[in-house]
**Q** 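Sending over a structure as structure tokens; questions will come in a sec.
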Amino acid sequence: MAFALIMITGLILFACAPVNMDVYVHMMHNQEIYLREEVVPAFEAENRVKIDVRHYELTDRLHEILGDDNVKPALVKIPFDKSAALMQKNILMPLDSIISEEDLEEFKKEYLLMSLGALDGKQYLVPRKFETRIMVFCKSKVSEAVLIWREYRDQISTELKKYNGYGLPDTYLLEEDPESWDYYDIFVVGWIWANRTYYGKKMARIAHRGQNYSGTSLRIIDRVFQLNGDISEVNSMKGDGVIDAFYWEAVYVSAGIFNPQMWEKRWAGNEIWQGFGRGEVFLSFMTQLDCFFIHGTGKDGLNGFLENPDDMGVATMPVGCSMELNTEKGVPRRIGKKTISTGGWWWGIPKNSPAPAASFKFLSYITGVSALIQESTRFGMIPVRKNVLEDIQMLFGGMWISDIYNVSLKQLMHNGNVTIGSDAAFEKISSLYLEAWNDIVVNRNWSSDKMIPSREYISKLLDTKYGQKITEMASVK
């Protein structure tokens with residue numbers, strides 16, 4: 001696609017003295033090396049520019065970097081959770097001030113979810129990558145559980161009766177395809193895996209992040225969305241979705257479904273990758289980048305963890321549902337959905353960029369088809385261009401990479417426009433979810449005697465203790 005204005009400006013610009021550009025990024029080490037040593041030199045060789053890639057460590061300092069008159073970044077990598085605040089501060093350049101509105105409309109058609117990078121009708125940001133969680137599992141262990149689950153149905157139902165007063169739903173069936181699973185299916189396979197001997201020992205083999213950081217609180221917040229909660233319920237920590245989210249977490253821990261190392265050793269993503277490798281994790285909820293590390297590519301330090309990489313399977317997130325059943329019909333009282341939050345990173349051009357035309361040209365280059373395919377293949381990024389996504393099977397040969405991208409794209413479609421908050425207030429709310437998870441789930445403060453989790457007890461605790469904290473937060477100006 002030709003961009004008349006940018007090309008004319010670019011010709012004038014590049015005919016003069018070389019342009020010096022500082023590009024600010026926050027990346028994994030091997031991705032930053034790839035950008036510095038492979039992408040930038042190729043662009044510099046074709047254009048009269050000199051690009052310095054500058055790493056910034058703290059995303060909380062982005063507003064300081066962009067607001068400093070002595071710092072003039074040409075391009076900056078911006079996380080989703082900072083994007084709205086930065087657009088509102090009027091320190092990013094709208095793209096229609098660089099190219100014509102007609103060219104911008106054509107440009108926007110080439111990318112997925114561009115509307116999330118716009119404010120008040122102005123497009124400020126272009127997607128670098130999208131991130132969402134999907135379900136990752138060992139296919140052989142799932143197949144085994146599907147074959148034998150009926151042998152354990154009565155025992156599993158007896159265990160569940162402790163929590164919902166009923167047991168398994170009347171029409172329950174463990175589907176062969178994890179794409180059809182809900183929260184009850186996670187309980188069933190988790191119970192089977194925890195109560196059978198694998199690799200010489202019995203242990204729970206489902207885990208998600210448990211480190212004291214935002215990745216853990218995001219797992220709980222995602223549950224709220226799956227359980228029909230919206231952002232207002234997330235922000236207030238009120239409603240059935242919030243209560244059900246903490247109740248399911250408590251039940252999974254109480255029933256021995258979750259591997260306790262996730263909180264005892266405060267597992268982050270890399271510990272879960274290793275858990276898959278040691279046979280201590282059979283199922284988790286991970287980003288597509290996590291999947292690349294678990295499976296391995298043999299390049300860029302991604303050597304994989306599974307003895308048999310072909311055993312890794314992926315599916316969209318399980319459907320949320322309430323633990324509580326309608327006792328007359330024997331079905332969950334509340335049926336949720338697969339929706340979780342979409343995150344990721346953007347490219348933005350600061351308002352004080354020394355060379356907006358060159359910035360846009362480099363932005364277009366690094367999100368172009370060739371560069372995007374290369375980086376997506378090597379580092380597990382969901383392609384952000386529609387034409388690349390449409391040709392996934394052809395590009396990646398229908399192999400495991402295609403599976404990851406196809407499933408991730410399906411998950412993005414389930415997510416729609418659901419994103420997490422992007423301001424300082426939400427960061428505090430996210431920290432409250434982590435605090436509540438440690439309080440209720442890790443420390444078993446889920447009932448008066450810390451024995452069987454009580455939904456009523458959890459509901460009251462959320463309403464009083466954490467509701468009060470949110471009220472106090474709102475009163476602080």
Side-chain angles (χ1 to χ4, degrees), residues 132-135 160 163-166 168-169 172 178-190 206 208-209 215-255 257-258 283-285 315-327 329-343 410-421 426 429-430 432-434 436-437 439-441 446 453-463 466-467 470:
T132 190
R133 271 68 53 208
I134 57 177
M135 185 162 58
L160 277 166
Y163 311 109
N164 65 10
Y166 195 93
L168 280 168
Y172 180 78
E179 190 66 35
S180 303
W181 286 3
D182 64 13
Y183 284 3
Y184 270 99
D185 296 299
I186 301 300
F187 188 99
V188 169
V189 296
I206 294 179
H208 64 69
R209 286 165 164 82
T216 302
S217 55
L218 181 59
R219 173 80 279 267
I220 315 306
I221 290 169
D222 277 348
R223 279 205 192 280
V224 178
F225 291 127
Q226 288 181 277
L227 292 159
N228 293 323
D230 57 22
I231 193 64
S232 66
E233 291 182 48
V234 168
N235 288 344
S236 65
M237 292 186 79
K238 294 182 182 294
D240 283 331
V242 177
I243 300 166
D244 285 345
F246 281 99
Y247 189 48
W248 271 109
E249 286 285 306
V251 167
Y252 284 142
V253 171
S254 176
I257 304 301
F258 281 165
L283 183 148
S284 188
F285 309 100
T316 57
M317 297 293 277
V319 174
C321 61
S322 64
M323 168 61 68
E324 293 179 293
L325 300 181
N326 181 320
T327 53
K329 298 181 179 179
V331 296
R333 288 186 182 177
R334 293 174 293 281
I335 303 295
K337 49 199 174 187
K338 288 176 172 280
T339 302
I340 60 172
S341 60
T342 294
K410 286 180 186 176
Q411 187 62 54
L412 287 175
M413 296 301 100
H414 284 299
N415 297 355
N417 290 327
V418 174
T419 58
I420 59 173
F426 187 82
I429 290 169
S430 177
L432 277 185
Y433 274 85
L434 182 61
W437 185 76
D439 179 12
I440 296 168
V441 180
W446 54 45
S454 162
R455 188 179 186 278
E456 292 73 21
Y457 181 94
I458 293 171
S459 175
K460 185 176 181 181
L461 184 65
L462 288 169
D463 185 49
Y466 294 95
I470 287 178

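Computed from a prediction, not measured in an experiment: that's the story for all the values here.
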**Q** Verify whether one side chain among Q226 and Y183 offers a donor that lies under 3.5 Å from an acceptor in the other.
**A** yes

**Q** Between L462 and M237, does the side chain to side chain contact (heavy atoms under 4.5 Å, CB included) criterion hold? Intermediate values first, please.
**A** CA-CA 7 Å; L462 288 169; M237 292 186 79; 4.0 Å; yes

**Q** Strictly distance-based, threshold 3.5 Å: is any side-chain N or O of D182 a donor or acceptor partner for the main-chain N or O of D185?
**A** yes

**Q** Step by step, work out the side chain to side chain contact (heavy atoms under 4.5 Å, CB included) result for K238 and E233.
**A** CA-CA 5 Å; K238 294 182 182 294; E233 291 182 48; 6.0 Å; no

**Q** A side-chain contact here means heavy atoms from C-beta on lying under 4.5 Å apart; do L227 and V224 qualify?
**A** no

**Q** Could you state the interatomic distance from CE (M135) to CD1 (I206), rounded to the nearest 0.5 Å?
**A** 9.5 Å

**Q** So, do R133 and I340 sit near enough that their side-chain heavy atoms are less than 4.5 Å apart?
**A** yes

**Q** Going from CG on N235 to CG on D230, what distance comes out if it is rounded to the nearest 0.5 angstrom?
**A** 9.0 Å

**Q** With a 4.5 Å heavy-atom cut-off, do R455 and M323 have their side chains touching?
**A** no

**Q** Side chains of P332 and E324: closer than 4.5 Å at any heavy-atom pair?
**A** no

**Q** If you look at every heavy atom in S284 and H208, which pair is closest and at what distance?
**A** OG-CA, 4.0 Å

**Q** Using modelled atom types only, decide if a donor and an acceptor are shared between the side chain of Y247 and the backbone of Y163 within a distance under 3.5 Å.
**A** yes

**Q** Would the distance check show the side chain of S459 and the main-chain N or O of I243 forming a donor-acceptor pair, the cut-off being under 3.5 Å?
**A** no

**Q** In Å and rounded to the nearest 0.5 Å, what is the OG1 to CG distance from T339 to N417?
**A** 11.0 Å

**Q** Taking the side chain as C-beta and beyond, is there a heavy-atom pair between T216 and W437 under 4.5 Å?
**A** yes

**Q** In Å, rounded to the nearest 0.5 Å, how long is the span from OG1 of T342 to CG of L412?
**A** 5.0 Å

**Q** Pair W446, V251 - check side chain to side chain contact (heavy atoms under 4.5 Å, CB included), show working.
**A** CA-CA 9 Å; W446 54 45; V251 167; over 6 Å; no

**Q** I need the minimum non-hydrogen distance between S217 and S430, along with the two atoms involved.
**A** OG-OG, 2.8 Å

**Q** Quick one: pull up CD1 in I440 and CD1 in I220 and give me the separation to the nearest 0.5 Å.
**A** 9.5 Å

**Q** Return yes if some donor-acceptor pair links the side-chain N/O of Y433 with the main-chain N/O of V234 below 3.5 Å, else return no.
**A** yes

**Q** Is a side-chain donor or acceptor of Q411 paired with a backbone partner of M317 at a separation under 3.5 angstrom?
**A** yes

**Q** Report yes or no: is the cationic atom of R223 (NZ for Lys, CZ for Arg) closer than 6.0 Å to the six-membered ring centre of F246, at no more than 45° off its axis?
**A** no

**Q** Which pair of heavy atoms, one from S454 and one from Y457, lies closest together, and at what distance?
**A** OG-N, 3.1 Å

**Q** T316 and K410: side-chain donor and acceptor closer than 3.5 Å?
**A** no

**Q** Got a donor-acceptor contact below 3.5 angstrom from the W248 side chain to the C321 backbone?
**A** yes

**Q** What's the shortest heavy-atom distance between L283 and F285, and which atoms?
**A** CD2-CZ, 3.8 Å

**Q** Tell me the closest heavy-atom pair linking Y184 and L325, and the distance in Å.
**A** OH-CD2, 3.4 Å

**Q** Please give me the minimum heavy-atom distance between I257 and I186, naming the atom from each residue.
**A** CG2-O, 4.2 Å

**Q** Would V188 and W181 count as a side chain to side chain contact (heavy atoms under 4.5 Å, CB included) if you check the C-alpha gap in whole Å, the side-chain angles of each, and the deciding distance to 0.1 Å?
**A** CA-CA 10 Å; V188 169; W181 286 3; over 6 Å; no

**Q** With S341 as reference, evaluate N415, T132, D222, T419 under the side-chain hydrogen bond (donor to acceptor under 3.5 Å, both in side chains) test and give the passing residue.
**A** D222

